[in-house]
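The structure appears right after this line, and notes come after that.
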Amino acid sequence: MEILLYNTLTRRLEPLVAGDGRRFRMYTCGLTVYDYGHIGNYRTFVAVDVLQRFLASQGFALETVMNITDVDDKMIERARTAGHSVAEHAAIYTQAFLEDLGRLGIQPPTHLAKATDYVPQMVAWIERLVDSGHAYASDGSVYFRVASFPAYGRLSGKDLGGLQAGARVESDQYEKEEARDFVLWKAHKPGEPSWPSPWGPGRPGWHIECSVMSMTLLGESFDLHAGGTDLIFPHHENEIAQAEAVTGRPFVRGWMHVEFLLVNGEKMSKSLGNFFTLRDLLDQGYRASAVRYLLASVPYRRQLNFTLEGLQQAAAAVERLMSLRDRLRQGGLAAGEDAELAAKITAARAGYVAALADNLNTAEALAAIFELVREANIALDAGRLRAANATACEELLHLFDQVFAVLTLAEREKMEASAGLDPATIEARLRERDEARRRRDFRRADAIRAELDAAGIAIEDVKGGGSRWRRK
RNA sequence: GGCGCGGUAGCCAAGUGGUAAGGCAGAGGUCUGCAAAACCUUUAUUCGUGAGUUCGAUUCUCACCCGCGCCUCCA
């Protein structure tokens, strides 16, 4: 099936194809590891993960890169405040980042590229820019000469031609020919990490990092580059300039930009007190499965207004899916299939895939799944759902989870939440309760139910006697 | 000002030139010893406002109002 994605560069929906005919190669701008990632960061990474998982489920072979910015101004400043070396500081928060990704079910990239591992390649690339007249050194730093790259501004739709060429602009620390020129190499300052270069010791600028690492790992022209919408300008614009000024060929064919996450209708900021890291939410008792669901449920090109109420709603939606899967696994179904339900499952599957293939319309994909959830529950209630239907439903839920991954996460979380109790113990208590119910000793039965409930186990009585349990 | 995203029920949100998906929450009901889960009914004669095009517009055009993001290193 053709998968369409909106390309910021062309402002159109375009089919995704592997340019080399084999593997779909894509790069995602990752995190600057000066602190814990916040949910705005993770909205982007979840959206990219949804894309990558969907591509994989549709048979694409992928080669993916995500970068880790482990040296920059903010890294240096924060490390200093924390009393760490920059490398120590980066190691701590890189580790935390990877843990967060795991908790959110975000699959690791093929290559996790740390900027400090690629400095020689960056220096070499800057040399080529300087040699070709696209960059110039000044006081030990090197700047990209935007005037030398006429296509500058194409991605962001900005016309920067109004800026005076040749006007010498003073900034706080560096000297540039023009205000719009940007730094490729920063001259060393005391107390900062540095690497050798033809222009003296220093460190790479942020933009060159992504250009060089992506081309080193994926080739000089690859399929898709993703990041938050705020990176369109100047970051991605600069990446294109740095790359194409040297190669003379298209750097990336498609650009995917994920819209902003707002909190209570405003941009997250520490001063507004609406700033959430994933850890904040987990500490407050919310589950990563609900966070992932919420982040994934709003199509990526829309701003997502994050609220705690929305997070609770997401948790409830995940529970609805989980409880259907539990019901399907109870067994005791008649063999064969109900043809009418089978047709509905097939239709739901088609609707689900078509929605995702249409620029990752996750909201519509979820609607297809939930319509089937209702149909399956109706059939279960009526005793119409048969073994082959259950299998087909489970397969659809599996396909759903291959992309959304919330069931896998929820299952893990439930196990952790009630980890102290093994099934044998639970079932023994359940038998005790059933016995008490038969004696009509409801005080006793309710006490056991409350006890198990407190331990993370929910009990549901079955029509005609007996009961079953599930983890909450 | 430029570029971009958006304004659909209490909340989240899909969508189409032909008369409003889905989730959550609320109310009532079925089931239950009571619950839980599930199901049923109910909650937008209406899609920011005004005008236009059209047999017909939430969907197209124009204007306006409102929210949000980017505009040199913030996902």
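A note on names: the letters A, B, ... follow the listed sequences, proteins ahead of strands, and every chain is numbered from 1.
- A/R437 has no side-chain polar atom (N or O) that falls below the 4.0 Å cut-off from OP1 or OP2 of B/rG33.
- Base pairing of B/rU46 is not made with any nucleotide, judged by Watson-Crick or G-U wobble geometry with both donor-acceptor distances under 3.5 Å.
- For A/R449 against B/rC34, a side-chain-to-base donor-acceptor contact under 3.5 Å is present.
- The CG atom of A/L452 sits 6.5 Å away from atom CZ of A/R429, with the distance rounded to the nearest 0.5 Å.
- Checking side-chain atoms of A/N359 against main-chain N and O of A/Y6 turns up a donor-acceptor pair under 3.5 Å.
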Legend entry - Evaluation steps, salt bridge (Lys or Arg N to Asp or Glu O under 4.0 Å), between A/K344 and A/E375: CA-CA 8 Å; A/K344 284 174 174 164; A/E375 293 296 342; 3.1 Å; yes
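- Pair check for B/rA14 finds none; no Watson-Crick or G-U wobble contact set falls under 3.5 Å.
- Side chain of A/Q303, nearest nucleotide from B/rG33, B/rG4, B/rA14: B/rG4.
- Shown here, B/rG52 forms a base pair with B/rC60; the pair counts as Watson-Crick or G-U wobble because both key distances fall under 3.5 Å.
- Below the 3.5 angstrom threshold, one finds a donor paired with an acceptor across the side chain of A/D446 and the base of B/rG33.
- For B/rU19, there is no paired base (Watson-Crick or G-U wobble, both distances below 3.5 Å).
- Within the shown strands, nothing qualifies as a pairing partner of B/rU32 under the Watson-Crick or G-U definition with both distances less than 3.5 Å.
- Base pairing analysis places B/rU41 opposite B/rA27; the two distances defining the Watson-Crick or G-U wobble pair are each below 3.5 Å.
- When both distances must be under 3.5 Å, the Watson-Crick or G-U wobble mate of B/rG6 is B/rC66.
- Only the P atoms considered, B/rG69 is 22 Å distant from B/rC64, to the nearest whole Å.
- Picking from B/rU72, B/rA75, B/rC40 the nucleotide with the shortest atom distance to the side chain of A/I378 gives B/rC40.
- Side-chain atoms of A/R374 lie closest to B/rC40 of the nucleotides B/rC40, B/rG7, B/rC3.
- Here, B/rA13 and B/rU72 have their C1' atoms 35 Å apart, quoted to the whole Å.
- For A/Y143 and A/F182, the ring centers are positioned 6.0 Å apart or more.
- Relative to the side chain of A/N377, the nucleotides B/rC24, B/rC73, B/rC39 differ in distance, and B/rC39 lies closest.
- Straight-line distance from the CG atom of A/N361 to the P atom of B/rA14: 7 Å, rounded to whole Å.
- If you check B/rA14, B/rG4, B/rA75 against the side chain of A/E364, the one that comes closest is B/rA14.
- Straight-line distance between the C1' atoms of B/rG48 and B/rC55: roughly 27 Å, to the nearest whole Å.
- Contact of A/Q313 with B/rG23 (side chain to base): a donor-acceptor pair of N or O atoms is detected under 3.5 Å.
- At whole-Å resolution of the value, OH in A/Y300 and C1' in B/rA14 are 16 Å apart.
- Mapping A/Y34 and A/Y293 onto RNA chain B by nearest heavy atom places A/Y293 closer to the 5' end of the strand.
- Residue A/F97 is tested with A/Y34, A/F45, A/Y36 for a ring-ring contact (aromatic ring centres under 6.0 Å, His included); the sole match is A/F45.
- Put simply, the side chain of A/D461 and the base of B/rC34 share a donor and an acceptor less than 3.5 Å apart.
- Across B/rA20 and B/rU45, the matching C1' atoms stand 11 Å from one another, rounded to whole Å.
- Across B/rU8 and B/rU54, the matching C1' atoms stand 23 Å from one another, rounded to whole Å.
- As the counterpart of B/rU72, no nucleotide is assigned, since no Watson-Crick or G-U wobble pattern has both distances under 3.5 Å.
- With 3.5 Å as the limit, one finds no donor-acceptor pair spanning the side chains of A/H207 and A/H236.
- Between A/G205 and A/K267, the residue anchored nearer the 5' end of RNA chain B, judged by the nucleotide with its closest heavy atom, is A/K267.
- Between A/W185 and A/W199, the angle of the ring planes lies from 30° to 60°, which puts this pair in the tilted group.
- Checked against a 6.0 Å centroid threshold, the rings of A/H89 and A/Y93 count as neighbours.
- Judged by ring centres under 5.5 Å apart and planes tilted less than 30 degrees, A/F442 stacks against the six-membered base ring of B/rG33.
- Contact annotation: A/T307 side-chain N/O to B/rC11 OP1/OP2 distance is not under 4.0 Å.
- Distances shown here put a side-chain N or O of A/R320 below 4.0 Å from the OP1 or OP2 atom of B/rA38.
- Taking atom P on both nucleotides, B/rA37 is separated from B/rG26 by 11 Å, rounded to a whole Å.
- Distance check on atom C1': B/rA63 versus B/rC24 gives 37 Å, rounded to whole Å.
- For B/rA36, neither phosphate oxygen OP1 nor OP2 lies less than 4.0 angstrom from any side-chain nitrogen or oxygen of A/R468.
- Applying the 4.0 Å criterion to OP1 and OP2 of B/rG4, one finds that A/R301 has every side-chain N and O outside that range.
- Atom C1' of B/rU41 sits at a distance of 38 Å from the matching atom of B/rG50, rounded to the whole Å.
- Atoms CZ (A/R440) and C1' (B/rC34) sit 11 Å apart, rounded to a whole Å.
- With rounding to whole Å, A/L262 atom CG is found 10 Å from B/rA13 atom P.
- Within the 4.0 Å cut-off from OP1 or OP2 of B/rA75, at least one side-chain nitrogen or oxygen of A/N41 is found.
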